[in-house]
Amino acid sequence: MRTAPDSGAGRPAPGGVVSRTASGRGPRTSPVGGPPSAVPTASASPAAASPALADCPPRTPPPQPRPTDLFADRLVAVLSGQRPVHCMLRHTAGRAYDELAWLAERGPLRTRGTRPVVRDIGYYVPRAGAVEAFARIGAGDQVRAMAFRLEQGADLRWRCTAVELGGARMPRPDED
């Protein structure tokens with residue numbers, strides 16, 4: 001079982017568990033596929049010729065946030081009352097929207113004073129196109145746990161298909 005994402009893919013293989021704090025992402029200090037650059041010559045550019053800038057690594061675009069990070073932030077915003085539930089309508093599938101609306105009615109993450117934030121995220125990939133994630137939500141000294149499942153549709157967009165927060169769960173109708 002792999003416990004860290006491939007450096008090229010950014011996701012673990014199915015069955016791998018990864019935590020956002022142990023993602024292994026770091027700034028790139030050399031161009032892709034090559035050794036670190038030599039000290040630039042004066043003909044390159046005036047800024048590159050400056051001795052203070054000669055030791056700076058080349059700029060790389062910021063890493064794109066993972067779907068788990070985006071969804072955790074969106075779910076916390078809804079469950080804490082910062083955003084309306086309907087903002088998640090196009091980002092959910094199946095019963096997830098009903099579960100989210102039911103949870104949001106009860107305001108499980110609403111606090112006085114300190115605004116809830118995502119402290120840490122981990123995820124498990126049971127198969128390609130599906131991610132089961134868990135997040136630690138902190139508000140002051142309190143910490144809560146949240147779990148959610150994301151599935152990638154045919155249009156390659158990630159949608160939340162289940163969400164749970166410690167405590168009561170939405171009653172399921174008898175489907176027998």
Side-chain angles (χ1 to χ4, degrees), residues 1-6 8-25 61-176:
M1 176 178 6
R2 182 177 298 142
T3 58
D6 292 335
R11 288 191 199 107
V17 176
V18 177
S19 174
R20 175 167 71 174
T21 57
S23 66
R25 287 192 210 172
Q64 294 296 315
R66 293 186 177 118
T68 53
D69 297 356
L70 294 173
F71 274 88
D73 289 335
R74 288 174 182 160
L75 291 170
V76 166
V78 168
L79 294 173
S80 64
Q82 298 171 33
R83 305 276 317 261
V85 179
H86 69 266
C87 74
M88 290 294 293
L89 191 55
R90 57 182 273 208
H91 302 290
T92 55
R95 292 182 45 90
Y97 184 79
D98 296 333
E99 292 171 356
L100 186 59
W102 188 85
L103 283 170
E105 276 181 12
R106 283 140 186 83
L109 296 180
R110 289 193 179 143
T111 60
R112 293 183 184 208
T114 308
R115 182 178 274 191
V117 294
V118 177
R119 288 191 180 172
D120 187 30
I121 297 175
Y123 60 92
Y124 171 74
V125 181
R127 62 174 173 80
V131 176
E132 294 178 354
F134 53 91
R136 289 183 198 92
I137 312 301
D141 293 338
Q142 293 183 342
V143 177
R144 302 279 309 261
M146 177 175 65
F148 55 98
R149 181 179 174 93
L150 302 177
E151 292 187 14
Q152 196 172 30
D155 59 356
L156 302 180
R157 289 181 45 210
W158 290 96
R159 290 181 180 82
C160 183
T161 57
V163 60
E164 289 185 12
L165 204 60
R169 293 185 182 169
M170 181 177 146
R172 295 195 179 258
D174 292 332
E175 297 179 14
D176 294 332

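Small disclaimer: the values here were computed from a predicted structure and weren't measured.
- Residues A96 and A162 come closest through the heavy atom pair CB-N, 3.7 Å.
- Nearest heavy-atom pair across V118 and A135 is CG1-CB, 4.4 Å.
- Taking Q142 as the reference, nothing meets the side chain to side chain donor-acceptor pair (under 3.5 Å) condition, with sequence neighbours excluded.
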In residues 84-91, what donor-acceptor pairs under 3.5 Å come from side-chain atoms, sequence neighbours left out?
residue : atom : partner : partner atom : Å
H91     : ND1  : R74     : NH1          : 3.4

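- Here the straight-line distance linking atom CG of D69 with atom CD of Q64 works out to 11.5 Å at 0.5 Å rounding.
- If you take CG on D73 and CD1 on I137, they are separated by 8.5 Å, rounding to the nearest 0.5 Å.
- A distance of 12.0 Å separates OG1 of T161 from CZ of R95, quoted to the nearest 0.5 Å.
- By the neighbour-count criterion of 12 heavy atoms within 6.0 Å, atom CZ of R144 is densely surrounded, having more than that number from other residues, nucleotides or ligands.
- For the pair L70 and W158, the minimum side-chain heavy-atom distance is 4.5 Å or more.
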From CA spacing to verdict: side-chain contact (heavy atoms from CB on, under 4.5 Å), L100, L75: CA-CA 8 Å; L100 186 59; L75 291 170; 3.7 Å; yes
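- Other residues, nucleotides and ligands contribute only 12 or fewer heavy atoms inside 6.0 Å of the CG atom of D141.
- Between I121 atom CD1 and M146 atom CE the span is 7.5 Å, to the nearest 0.5 Å.
- In this structure, CZ in R149 is found 15.0 Å from OH in Y123, a value given to the nearest 0.5 Å.
- Rounding to the nearest 0.5 Å places CZ of F148 at 6.0 Å from OG1 of T68.
- Residue R157 places its CZ atom among more than 12 non-hydrogen atoms of other residues, nucleotides or ligands, all under 6.0 Å distant.
- The two residues G153 and R159 make their nearest non-hydrogen contact at CA-NH1, 4.2 Å.
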